[in-house]
Protein chains: 2
Amino acid sequence: MTERHSTLRARRRAQTQRTIQAHAIRLFGERGYDATTMNDVAEAAGVSPMTVYRHFPTKEDLVLADQHGELIAERIAASPAGQPLVRRIGGALVDAAAALTGDDVAADRQFLLVRLQLMISTPALRARHLDNQYALQQAIVGALDDDATDPDAAFQAQAAASACLAALHTAMVRWAEDDGRTDLPRLIGKALAAVFGDDVIGPAR
Amino acid sequence: MTERHSTLRARRRAQTQRTIQAHAIRLFGERGYDATTMNDVAEAAGVSPMTVYRHFPTKEDLVLADQHGELIAERIAASPAGQPLVRRIGGALVDAAAALTGDDVAADRQFLLVRLQLMISTPALRARHLDNQYALQQAIVGALDDDATDPDAAFQAQAAASACLAALHTAMVRWAEDDGRTDLPRLIGKALAAVFGDDVIGPAR
DNA sequence: TACCAGCATGATAGTGACTACCAAACAGGT
DNA sequence: ACCTGTTTGGTAGTCACTATCATGCTGGTA
């Protein structure tokens with residue numbers, strides 16, 4: 001139960017996950033999502049189908065992993081309550097996108113791009129992604145913690161969060177259609193600014 | 001090939017569909033969506049599983065049928081292009097809701113209510129529903145036919161449509177949580193007015 | 001009446017995602 | 001050398017869904 005060991009196991013575990021997911025994304029990109037079976041993925045990754053299911057409970061999880069809802073919700077909850085809704089939400093989204101740039105986009109842009117294109121074009125994946133986004137929207141509304149007594153405020157929060165997420169989504173789709181040639185966080189900032197104005201979102205950082 | 005026959009057959013066909021769907025919704029409500037198999041539905045409806053699949057290609061289609069995307073898109077395309085986006089979209093949604101009131105809500109409110117509650121609480125159904133809503137959003141944006149050269153206009157159209165649909169969705173969820181005691185079209189109008197203001201949507205009809 | 005054309009339904013045998021359930025291997029620490 | 005928990009593998013099943021073929025029913029025709 002030493003610290004060193006658990007991190008060792010965790011590392012091997014994470015490595016196995018990366019291997020499986022990498023082979024899965026590659027196969028999905030080559031043959032298509034529906035035409036690739038879980039057995040194909042297992043075989044390509046050199047593990048048994050059971051192991052694939054252990055790490056990714058559903059086939060969709062092979063593409064849609066690691067959402068960052070908590071990060072965004074935290075930033076929103078930490079933002080001052082006095083500001084307009086779209087400023088609080090939009091600011092958190094831009095911050096989150098900037099934080100992700102260091103991780104995923106720069107590191108493995110092609111990987112992220114294929115995932116995004118699969119997510120857009122495959123109905124099952126798109127539906128799951130939209131459900132994830134809906135959950136994020138609910139988390140955002142919850143993090144706003146405005147007075148819950150006013151029903152109008154709830155409507156406004158939902159609409160504001162939805163509009164911000166739509167801008168984010170549209171920017172990501174645009175980015176994927178452009179094969180990732182543009183700068184993603186900047187595109188997101190532009191999308192938010194186009195909808196809500198520069199003064200609301202703040203200057204692009 | 002006479003006209004009378006095709007309508008007769010069409011009526012029987014529609015009757016079979018109604019029977020199957022009614023039993024399906026009832027079973028889903030009683031035992032839960034996941035706990036009810038397609039065979040259960042077929043047996044309850046007194047048909048073979050094949051027949052169920054003929055009329056409803058997927059299990060989800062038993063709950064999520066007859067979307068009204070075309071109606072909304074038509075109304076938006078017919079609205080004058082000069083008005084603000086949210087007025088064009090919101091007006092079409094209120095109109096559509098009013099049109100549906102005559103059909104579904106008054107006729108079989110309980111049926112609609114159970115479907116809505118299933119749709120909200122069952123992940124698979126919610127995901128499919130959100131995907132349908134996304135398709136509707138794209139149809140709305142397409143129906144706006146603003147000049148496609150301006151990328152900012154596209155962002156704005158997406159965000160406006162998303163906010164309007166979010167208001168609609170929130171109103172429907174609220175209505176379902178209230179067990180359908182309130183007036184649905186009016187609630188939708190109130191939701192849109194809360195977000196965009198009475199002056200934009202127009203007085204509740 | 002006998003017959004024909006077309007749909008609607010039905011039975012059979014699959015595929016593939018996913019889930020128990022149990023067995024084996026392989027650490028890590030005593 | 002001996003446990004103990006973690007990771008992995010195998011087996012057999014359920015269930016949604018599909019392809020294919022056979023059957024029956026129904027409304028119109030020679």
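The figures here come from the full heavy-atom set of this structure, side chains too, leaving out hydrogens, waters and symmetry mates. In what follows, chains carry the letters A, B, and so on, assigned in the order in which the sequence lines appear, proteins first and then strands, with residues in each chain numbered from 1.
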Q: Side chain of A/Thr51: nearest nucleotide among D/dT6, D/dG9, C/dA11?
A: D/dG9

Q: Side chain of A/His55 only, please: which of D/dT8, D/dA16, C/dA11 is the nearest?
A: D/dT8

Q: Could you tell me the separation between the CZ atom of B/Arg128 and the P atom of D/dA16, rounded to a whole number of Å?
A: 15 Å

Q: Output the single nucleotide from D/dG9, C/dG16, D/dA16 whose closest atom is nearest the side chain of A/Val47.
A: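 Looking only at side-chain atoms, A/Val47 lies closest to D/dG9.
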
Q: Expressed as a whole number of angstroms, how long is the span from A/Gln15:CD to C/dA27:P?
A: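 After rounding, the gap between these two atoms is 16 Å.
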
Q: Would B/Lys190 and A/Asp152 count as a salt bridge (Lys or Arg N to Asp or Glu O under 4.0 Å) if you check the C-alpha gap in whole Å, the side-chain angles of each, and the deciding distance to 0.1 Å?
A: CA-CA 8 Å; B/Lys190 271 172 64 179; A/Asp152 280 5; over 6 Å; no

Q: Nearest-Å distance, CZ (A/Arg9) to C1' (C/dC26)?
A: 8 Å

Q: Okay, side chain of B/Arg128, backbone of B/Glu60: is any donor-acceptor separation there less than 3.5 Å?
A: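 The answer is no, because no donor-acceptor pair under 3.5 Å joins these two groups.
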
Q: Using atom CG of A/Leu62 as one end and atom C1' of C/dG16 as the other, report the distance to the nearest whole Å.
A: 14 Å

Q: For A/Glu60 and for B/Arg54, find the nucleotide of DNA chain C with the closest heavy atom, then tell me which residue's nucleotide is more 5'.
A: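 Mapping each residue to its closest nucleotide by heavy atoms, the 5'-most match is B/Arg54.
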
Q: Where the side chain of B/Arg12 is defined as all heavy atoms beyond and including C-beta, which of D/dC17, D/dT6, D/dT26 is the nearest nucleotide?
A: D/dT26

Q: What does A/Arg13 touch in the nucleic acid at a heavy-atom separation under 4.0 angstrom: a base, only the sugar-phosphate, or nothing?
A: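 Sugar-phosphate only.
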
Q: Of all the choices, C/dC18, D/dA16, D/dG9, which nucleotide is nearest to the side chain of B/Tyr53 once you look at every atom?
A: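 So the side chain of B/Tyr53 is nearest to D/dA16.
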
Q: Under 3.5 Å, is there a donor-acceptor pair linking the side chains of B/Gln15 and B/Arg18?
A: yes

Q: Take atom CG of A/Asn39 and atom C1' of D/dG10, then tell me their distance rounded to the nearest Å.
A: 13 Å

Q: Between A/Tyr33 and B/Pro49, who's closer to the 5' end of DNA chain C by nearest nucleotide?
A: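 Final value for this comparison: B/Pro49.
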
Q: Select one nucleotide: of C/dC18, C/dA11, D/dG10, the one nearest the side-chain heavy atoms of B/Ser48.
A: C/dA11

Q: Using a heavy-atom cut-off of 4.0 Å across all strands, would you classify A/Met38 as base, sugar-phosphate, or nothing?
A: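 Sugar-phosphate contact only - A/Met38 comes under 4.0 Å of backbone atoms but never of a base.
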
Q: Quick check for you: among C/dT9, C/dG10, D/dC17, whose closest atom lies nearest to any side-chain atom of B/Met50?
A: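 Of all the options, the side chain of B/Met50 is nearest to C/dG10.
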
Q: Regarding B/His129 and B/Arg126, do their side chains bring together a donor and an acceptor under 3.5 Å, going by distance alone?
A: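 No, no side-chain donor-acceptor contact under 3.5 Å.
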
Q: What is the distance from NZ of B/Lys59 to P of D/dT18, rounded to the nearest Å?
A: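 So the two atoms are 14 Å apart, to the nearest Å.
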
Q: Whole Å only: how far is the CG atom of B/Asp40 from the P atom of D/dC17?
A: 14 Å

Q: Would you say CZ of B/Arg12 has more than 12 non-hydrogen atoms from neighbouring residues, nucleotides or ligands within 6.0 angstrom?
A: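 Not more than 12 within 6.0 Å, no.
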
Q: Can you check the A/Phe56 CZ to C/dT19 P distance for me, whole Å?
A: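 My rounded result for the distance is 15 Å.
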
